[in-house]
Participant: 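Encoded as structure tokens, here's the structure I'll be asking about.
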Protein chains: 2
Amino acid sequence: MTVSPPPRPAKRPTLADVARASGVSVALASIVMRGAEGASETSRQRVKAAAAQLGYRPDSRARSLRSHRSRTIGLALALGEPLHAELADALYAEADARGYQLLLGATGAHHNGQRAMDTLVDAGVEAIISISSSLSSAQLGQITTRVPVLSLLRRYRNHRSVLTDEAAGIEQLVTHLVDGGHHRLLHLDGGHAVAADQRRVAFERAVAQAGDAVSGLVLPAGADESSAATVLGTYLTQTAAASRATAVLAFNDRAALGARQAIIDSGLHIPGDIALTGFDDSEFARLAHVDLTSVRQDVAALAASAIAGVLATLDPDTKDDTSLAIFHAPHLVVRGSSREKKPPHRGIDP
Amino acid sequence: MTVSPPPRPAKRPTLADVARASGVSVALASIVMRGAEGASETSRQRVKAAAAQLGYRPDSRARSLRSHRSRTIGLALALGEPLHAELADALYAEADARGYQLLLGATGAHHNGQRAMDTLVDAGVEAIISISSSLSSAQLGQITTRVPVLSLLRRYRNHRSVLTDEAAGIEQLVTHLVDGGHHRLLHLDGGHAVAADQRRVAFERAVAQAGDAVSGLVLPAGADESSAATVLGTYLTQTAAASRATAVLAFNDRAALGARQAIIDSGLHIPGDIALTGFDDSEFARLAHVDLTSVRQDVAALAASAIAGVLATLDPDTKDDTSLAIFHAPHLVVRGSSREKKPPHRGIDP
DNA sequence: GCACATGTCTAGAACGTTCTAGGAAAGTGT
DNA sequence: ACACTTTCCTAGAACGTTCTAGACATGTGC
């Protein structure tokens with residue numbers, strides 16, 4: 001069997017080609033292609049037909065060079081974070097609906113956030129949405145002189161931010177657990193992770209508000225499986241069963257997975273001996289075998305707000321929405337890992 | 001405390017500004033900025049100083065519009081895939097070392113691969129690397145008429161591909177398990193995932209080559225946690241202990257995680273009752289509590305080959321490397337989930 | 001019939017860069 | 001002094017698009 005070599009990239013058709021093919025001026029072809037008004041229906045059809053026939057695609061470099069409008073938004077995120085992936089998906093949908101394209105830049109071990117942003121700016125994005133940015137406020141300010149930036153999931157005092165109301169999520173968890181008869185709660189802290197401080201503080205406040213009968217303990221851990229497993233494992237072996245916490249609130253789902261392992265390894269049962277909750281409602285929290293109670297961030301709403309917020313700064317027409325921070329309430333997703341002991345059979349996810 | 005409003009993006013300095021500030025022509029400033037020859041050392045210094053002072057950054061849209069060189073490579077990948085994240089990281093490092101930038105496009109539920117590619121092409125990338133592309137050969141051919149495309153992890157007959165030798169990995173796994181005394185092997189198939197067919201076929205061949213004493217069973221599952229958990233769970237409850245497989249080869253690490261859950265929930269122990277292996281050696285495979293034997297794809301080598309391959313098609317200077325497919329050998333990483341039963345204590349990772 | 005608005009179209013400048021072609025100045029060999 | 005090369009520099013076109021300004025019909029009110 002013969003294998004044909006990869007074809008050589010051919011010259012891409014230009015607006016001039018389309019204009020020539022349809023017998024109109026370049027300017028008119030331009031009007032038609034960007035759907036502006038000022039062209040008759042008949043020429044509109046002819047130009048579009050010619051464009052389709054030639055396989056014409058407008059060159060966004062030239063377009064944005066001239067018009068300062070690329071209809072492209074940059075998205076800076078961390079690869080490998082499930083929540084970021086979910087958000088990106090929702091952002092794509094939202095941007096799409098408004099006729100915008102998304103261009104991604106990743107932050108990671110071999111490429112810091114600054115570089116990612118620069119690449120996006122160079123590529124001509126009109127604005128940038130940065131998820132859980134790792135940049136300092138000063139760095140972000142630097143970039144803002146080039147292009148508007150909106151921070152998603154992380155709050156910056158001087159920049160537009162779209163956020164989840166972490167405290168509300170924690171409160172819902174605590175209420176749910178206390179209602180379920182738990183009086184000794186344990187929070188595995190997220191360490192240096194972005195929302196860790198807020199969740200810890202919210203936990204402490206929620207416990208205080210739950211009354212004297214309820215006590216709360218915070219153990220410093222981290223945002224991933226291993227530290228949570230280690231910390232909780234140590235706690236469980238060193239604490240007498242009588243004074244042990246009956247419910248564990250892990251910083252997020254990944255930490256909860258580690259905690260789950262530690263609990264099982266200690267010979268304890270979930271939720272019979274200890275209830276367990278996570279945060280983020282990742283894909284694996286929903287697995288039948290993990291069945292983890294978690295807090296679902298409102299991904300669709302966050303994405304919609306982010307896109308809307310960015311477009312508002314771009315479009316001077318829109319009412320001047322000066323809101324710097326927009327919070328979205330998350331909602332509790334109760335699953336088997338925290339159900340009350342009374343009903344013996346497993347429930348069904350809503 | 002007063003909060004300053006986000007600063008308005010200012011006009012970005014242009015090459016003309018730099019030229020004016022340093023008292024030379026735009027053309028000369030251009031020569032200096034791109035490091036071309038034909039400028040004296042003194043003017044080189046003056047221009048560079050002025051550029052630095054103004055905070056000038058070349059506009060890559062204009063640059064690539066004129067020169068057809070953006071020094072940018074597009075990368076199409078699936079978000080949320082740990083291996084893709086690892087590869088992206090390595091690709092960033094590699095591209096960086098050669099003075100290229102990376103621009104990402106994601107494929108996902110709300111945005112197909114075609115759109116992602118189009119966005120990248122519109123943005124002016126010189127070439128595209130597509131990881132585990134979901135595109136048909138015809139679609140890829142279509143894009144290749146615009147810009148060279150290299151497929152990473154998935155093979156296309158008519159296009160440059162950089163691949164892992166899947167069969168070699170599976171063979172290593174089977175050999176390792178058979179050496180460990182396992183005679184009944186079970187492979188959880190990856191369903192429609194990209195490399196699923198190759199891994200299944202390689203499994204069947206390796207089992208056949210292992211002799212009559214060794215038998216292999218293939219169960220259709222999928223590339224993620226849930227299907228693997230369900231399929232294996234059903235198998236374990238329906239199969240008598242005596243005839244049960246003693247080792248499970250999951251399609252990849254994610255599937256292995258699901259399989260692991262099913263095994264534990266069935267009251268069985270790893271590796272005592274059943275050995276378990278994954279594929280990809282993701283971050284979580286290395287976690288102390290998961291401790292999963294896996295096959296590590298040579299991420300660094302794959303990334304280096306991909307970048308080199310792409311640049312070779314771009315640069316006519318390079319020797320005409322007509323190799324359409326480059327394979328890299330993966331290597332086995334043995335961990336606790338498949339260790340022989342004899343030594344009771346846990347080993348240490350190499 | 002005039003003035004004016006409206007609808008459709010086009011020429012040519014502009015965006016910020018690179019490239020081509022060539023000019024000016026200085027050195028080199030005879 | 002001449003022809004020639006080399007080094008450094010610059011004007012102006014070009015890339016593919018959008019934008020501005022205006023041309024040319026055609027209609028509309030009076």
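All figures in this text were calculated on a predicted structure; none of them were measured in a lab. Order of the sequence lines fixes the chain letters, A, B, ..., with proteins taken first and strands second; residue numbering starts at 1 for each chain.
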Participant: Could I get the full list of side-chain contact (heavy atoms from CB on, under 4.5 Å) partners for B/Gln297, not counting sequence neighbours?
Facilitator: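 B/Gln297 satisfies side-chain contact (heavy atoms from CB on, under 4.5 Å) with B/Leu83, B/Leu153, B/Thr164, B/Arg199, B/Phe279, B/Asp280, B/Leu302 once adjacent residues are dropped.
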Participant: Are B/Ser64 and A/Arg61 close enough that a side-chain donor and a side-chain acceptor fall under 3.5 Å?
Facilitator: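 Yes, A/Arg61 and B/Ser64 have a side-chain donor paired with an acceptor closer than 3.5 Å.
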Participant: Among all residues two or more places apart in sequence or in another chain, which pass the side-chain contact (heavy atoms from CB on, under 4.5 Å) test with B/Ala36?
Facilitator: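 Partners of B/Ala36 by the side-chain contact (heavy atoms from CB on, under 4.5 Å) criterion, ordered by chain and then number, come out as B/Ile31, B/Arg34.
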Participant: Output the residues of residues 24-43 of chain A in contact with DNA chain C, where contact means a heavy atom of the residue under 4.0 Å from an atom of the strand; sort by number or write none.
Facilitator: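 Correct list: A/Val24, A/Ser25, A/Ala27, A/Leu28, A/Gly38, A/Ala39, A/Ser40, A/Ser43.
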Participant: Who are the side-chain contact (heavy atoms from CB on, under 4.5 Å) partners of A/Ser67, not counting sequence neighbours?
Facilitator: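 Result, side-chain contact (heavy atoms from CB on, under 4.5 Å) vs A/Ser67: A/Arg63, A/Arg69.
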Participant: Going 5' to 3' along DNA chain D, between which two nucleotides do contacts with chain B fall, using a heavy-atom cut-off of 4.0 Å?
Facilitator: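 From 5' to 3', the first and last contacting nucleotides are D/dC8 to D/dG16.
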Participant: What residues form a ring pair (Phe, Tyr, Trp, His ring centres under 6.0 Å) with B/His111, not counting sequence neighbours?
Facilitator: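 Testing B/His111 for ring pair (Phe, Tyr, Trp, His ring centres under 6.0 Å), a comparison that skips the adjacent residues, returns A/Tyr92.
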Participant: If only atom types and distance count, is the side chain of A/Ser161 paired as donor or acceptor with the main-chain N or O of A/Ala325 below 3.5 Å?
Facilitator: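 No: the side chain of A/Ser161 does not pair with the backbone of A/Ala325.
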Participant: Please tabulate, for side-chain N and O atoms in residues 74-81 of chain B, each donor-acceptor pair with protein atoms closer than 3.5 Å (sequence neighbours left out).
Facilitator:
{"unit_1": "B/Glu81", "atom_1": "OE2", "unit_2": "B/Arg254", "atom_2": "NH1", "d": "3.3"}

Participant: Starting at the 5' end of DNA chain C, which residue's closest nucleotide do you reach first, A/Gly23 or B/Ala16?
Facilitator: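 In this pair, the answer is A/Gly23.
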Participant: Pairs in or reaching into residues 18-27 of chain A: which pass side-chain hydrogen bond (donor to acceptor under 3.5 Å, both in side chains), with residues at least two apart or in two chains?
Facilitator: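 Qualifying pairs: A/Asp17-A/Arg20.
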Participant: Report yes or no: does A/Ser30 contribute a side-chain atom to a donor-acceptor pair with the main-chain N or O of A/Val26 at less than 3.5 Å?
Facilitator: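 Side chain of A/Ser30 to backbone of A/Val26, a donor-acceptor pair under 3.5 Å: no, none is there.
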Participant: Could you walk me through whether A/Ser133 and A/Tyr156 pass the side chain to side chain donor-acceptor pair (under 3.5 Å) check?
Facilitator: CA-CA 10 Å; A/Ser133 163; A/Tyr156 287 90; 3.0 Å; yes
Participant: Any ring pair (Phe, Tyr, Trp, His ring centres under 6.0 Å) involving residues 24-44 of chain A? Give me the pairs, sequence neighbours left out, ordered by first then second residue.
Facilitator: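 Of all non-adjacent pairs touching residues 24-44 of chain A, none passes ring pair (Phe, Tyr, Trp, His ring centres under 6.0 Å).
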Participant: Bend angle of the helix from C/dG1-D/dC30 to C/dT30-D/dA1 from five-pair axes at both ends, rounded to 10°?
Facilitator: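 Between the axes fitted at each end of the helix from C/dG1-D/dC30 to C/dT30-D/dA1 lies an angle of 40°.
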Participant: Could you tell me which residues satisfy side-chain contact (heavy atoms from CB on, under 4.5 Å) with A/Gln139, sequence neighbours excluded, listed by chain and number?
Facilitator: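 side-chain contact (heavy atoms from CB on, under 4.5 Å) list for A/Gln139, sorted by chain: A/Gln114, A/Leu135, A/Ser136.
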Participant: In residues 44-72 of chain B, which ones come under 4.0 Å of DNA chain D, going by heavy atoms?
Facilitator: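 When residues 44-72 of chain B is checked for heavy atoms under 4.0 Å from DNA chain D, the hits, listed by number, are B/Leu65, B/Arg66.
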